[in-house]
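Taking it in order: structure first as structure tokens, then the write-up.
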Amino acid sequence: MIELKNVTKVFNLTGNELDRRVALDHVNLTINDGEFVTIIGSNGSGKSTTMNIISGSLFPDEGRVILSGMDITDMKEHQRAKYFGRVFQDPMMGTTAEMSCLENLEIAYRRGKFHSPIKWGFSNNIVKLYYKRLLSEFSLGLEDRLNQKVGVMSGGQRQALTLLMAATDPRLDTKAEFIKMYLDVHTGELRAKITKDTPKEEKQRIRKEIQQIRSKGRKVTEAFYDERLEEYKKALAVAKNDDEKLDAYIAFGNALHEYNQDRRILLLDEHTAALDPKTAKKVLDLTDKIVRDNKLTTFMITHNMRDAITYGDRLIMFHSGHIIYDVRGEEKKKLTVEKLLKLFNEADELAELD
């Protein structure tokens with residue numbers, strides 16, 4: 001779950017008053033686990049600022065950002081990388097042109113880990129098979145181009161690769177990484193209660209409770225990891241082919257992530273705007289499949305109102321730093337482009353009266 005609590009962001013806060021712009025004005029927003037939310041709004045409405053504050057590339061002037069009970073308001077962007085995956089409008093962003101498809105994938109999956117991704121060996125055959133299977137679902141030929149430099153690929157291929165890099169959960173290759181992720185997630189709500197205004201005695205009580213959870217959690221998660229690892233080794237021992245080995249590898253990873261409840265949150269910043277219509281449709285359909293299959297919490301900005309209606313299970317409209325429309329479920333399914341245009345026009349007319 002992502003929560004924005006009374007979030008305000010003002011640009012040019014200390015400059016000329018005439019240049020001062022309120023990008024977000026005391027916004028409150030809750031996105032539930034597994035929700036696929038499409039975001040629309042005119043330029044300057046606050047939608048991109050909201051995404052930047054969630055990702056950590058901007059910090060709010062007021063308010064708090066909460067992730068699954070954990071206060072991440074002051075957490076830097078690189079520290080949030082293990083929780084969020086982001087795809088930008090420009091297909092050239094998100095990948096390194098001079099590196100191969102395989103190397104880009106490996107670096108993406110090692111973000112937020114304890115050691116350098118470059119030092120991790122690329123020769124692990126089962127991991128290559130894993131990447132190949134994932135890429136084959138795109139039907140763009142990427143599965144046969146693992147060793148090709150990304151710079152020679154088309155915009156659609158690069159964006160599809162970036163989407164996969166952003167959407168898939170990070171690998172938990174060691175017991176230490178698995179335990180740390182579990183403890184981060186399951187003590188987050190308590191840690192969020194410790195602020196500069198928390199009384200000293202209360203801070204001590206909370207920290208003691210966190211320590212107790214960490215001590216108990218470490219033993220339990222270590223035992224769980226060892227059990228799953230043993231199951232994985234047994235499955236590998238009886239596997240008849242590469243596909244069965246790969247199934248065992250994926251099952252092992254999924255079991256760890258399900259236990260940790262650490263599924264990655266996907267942030268899509270107009271990620272099909274620079275693509276031709278045919279490729280954009282393919283990438284959007286793949287986006288929908290990845291989100292549904294992995295039950296990802298997703299925040300997708302788009303200027304295409306038809307796409308905003310077609311995809312996702314909730315739609316939010318921003319205007320002048322406020323959320324002016326929020327609809328989901330059956331009501332969202334009944335939306336039309338004409339109705340959204342009418343809402344836009346009504347909001348503009350009210351702004352002119354103000």
Side-chain angles (χ1 to χ4, degrees), residues 1-33 35 37-81 83-86 88-89 188-199 265-270 297-303 308 312 314-328 340 343-354:
M1 177 186 291
I2 309 168
E3 297 176 87
L4 300 185
K5 295 186 174 181
N6 209 35
V7 167
T8 295
K9 182 64 182 177
V10 181
F11 292 106
N12 202 34
L13 187 60
T14 59
N16 189 319
E17 186 67 23
L18 294 175
D19 295 329
R20 188 173 181 270
R21 183 172 72 82
V22 180
L24 292 177
D25 189 0
H26 299 92
V27 168
N28 289 286
L29 172 64
T30 298
I31 300 175
N32 296 314
D33 291 338
E35 273 195 316
V37 184
T38 56
I39 309 294
I40 59 173
S42 56
N43 292 332
S45 63
K47 56 189 188 300
S48 292
T49 302
T50 300
M51 182 175 285
N52 288 332
I53 285 175
I54 290 173
S55 71
S57 58
L58 283 178
F59 295 100
D61 298 312
E62 296 179 33
R64 312 305 294 171
V65 182
I66 310 297
L67 172 64
S68 299
M70 177 170 54
D71 192 329
I72 62 170
T73 309
D74 301 318
M75 187 183 288
K76 295 179 181 178
E77 187 173 15
H78 72 273
Q79 295 173 312
R80 302 187 196 189
Y83 304 114
F84 296 100
R86 187 169 182 177
F88 296 89
Q89 178 176 338
E189 189 169 351
L190 281 171
R191 286 185 284 120
K193 294 179 180 179
I194 300 177
T195 69
K196 62 182 180 181
D197 299 320
T198 306
I265 294 165
L266 191 56
L267 305 176
L268 306 173
D269 194 355
E270 298 184 61
T297 305
T298 304
F299 189 98
M300 184 178 89
I301 293 175
T302 179
H303 276 296
R314 180 179 174 190
L315 182 148
I316 294 173
M317 180 185 289
F318 277 81
H319 189 273
S320 299
H322 296 90
I323 294 173
I324 64 167
Y325 189 58
D326 187 348
V327 63
R328 67 185 81 198
L340 289 181
L343 288 168
F344 267 115
N345 292 332
E346 289 174 350
D348 286 337
E349 288 171 4
L350 286 173
E352 288 175 5
L353 289 174
D354 290 340

Work out which heavy atom in K9 is nearest to a heavy atom in F59; give both atom names and the distance. NZ-O, 3.0 Å
Quick one, I324 with L343, criterion side-chain contact (heavy atoms from CB on, under 4.5 Å). Give me CA distance, side-chain angles, the key distance, then yes/no. CA-CA 9 Å; I324 64 167; L343 288 168; 5.6 Å; no
Using the test side chain to side chain donor-acceptor pair (under 3.5 Å), find all partners of E35 that sit at least two apart in sequence or belong to another chain. R314, R328
Partners passing side chain to side chain donor-acceptor pair (under 3.5 Å) against E77 (at least two apart in sequence or in another chain): none
Any heavy-atom pair between the side chains of F84 and I2 that's under 4.5 Å? yes
For K47, what residues pass the salt bridge (Lys or Arg N to Asp or Glu O under 4.0 Å) criterion, not counting sequence neighbours? none
At what distance, to the nearest 0.5 angstrom, does OG of S55 lie from CZ of R80? 7.0 Å
For the residue pair I53 and V7, establish whether any side-chain heavy-atom pair is separated by less than 4.5 Å. yes
Looking at H303 and G41, what are the two nearest heavy atoms and their distance? CE1-O, 3.5 Å
Heavy-atom pair of closest approach, residues T302 and E270: CA-CG, 4.3 Å
Does the side chain of I265 reach to within under 4.5 Å of the side chain of Y83, using non-hydrogen atoms? no
Identify the two heavy atoms, one from L67 and one from I72, that lie closest to each other, and give their separation to 0.1 Å. CB-CD1, 3.8 Å
With sequence neighbours excluded, residues passing side chain to side chain contact (heavy atoms under 4.5 Å, CB included) with F88: R86, M93, D269
The side chain to side chain contact (heavy atoms under 4.5 Å, CB included) partners of T73 (sequence neighbours excluded) come to P60, R64, V65, D71
How far apart are the C-alpha atoms of S57 and N52, what are their side-chain angles, what is the distance that settles it, and do they pass the side chain to side chain donor-acceptor pair (under 3.5 Å) test? CA-CA 5 Å; S57 58; N52 288 332; 3.2 Å; yes
Please give me the minimum heavy-atom distance between A308 and I40, naming the atom from each residue. CB-CG2, 3.5 Å
Spell out, as yes or no, whether a donor-acceptor pair under 3.5 Å connects the side chain of D326 to the backbone of I316. no
Does a side-chain heavy-atom distance below 4.5 Å link L315 with L340? yes
Could you grab the distance from atom CG of L24 to atom OG of S45, nearest 0.5 Å is fine? 9.0 Å
Straight-line distance of L268 CG to M300 CE, nearest 0.5 Å: 7.0 Å
Which pair of non-hydrogen atoms, one from T49 and one from A23, has the smallest distance, and what is that distance? OG1-CB, 3.7 Å
Answer yes or no: is there a side-chain heavy-atom contact under 4.5 Å between I323 and F318? yes
Side-chain heavy-atom pair L266, F299 within 4.5 angstrom cut-off: no
How about V37 and T298: do any of their side-chain heavy atoms sit closer than 4.5 Å? no
Residues at least two apart in sequence or cross-chain that pass side chain to side chain contact (heavy atoms under 4.5 Å, CB included) with T30, listed by chain then number, are M1, E3, N32
With sequence neighbours excluded, tell me which residues meet side chain to side chain contact (heavy atoms under 4.5 Å, CB included) with V22. V10, R20, D25
Could you tell me if the side chain of I54 sits less than 4.5 Å from the side chain of L4, heavy atoms only? yes
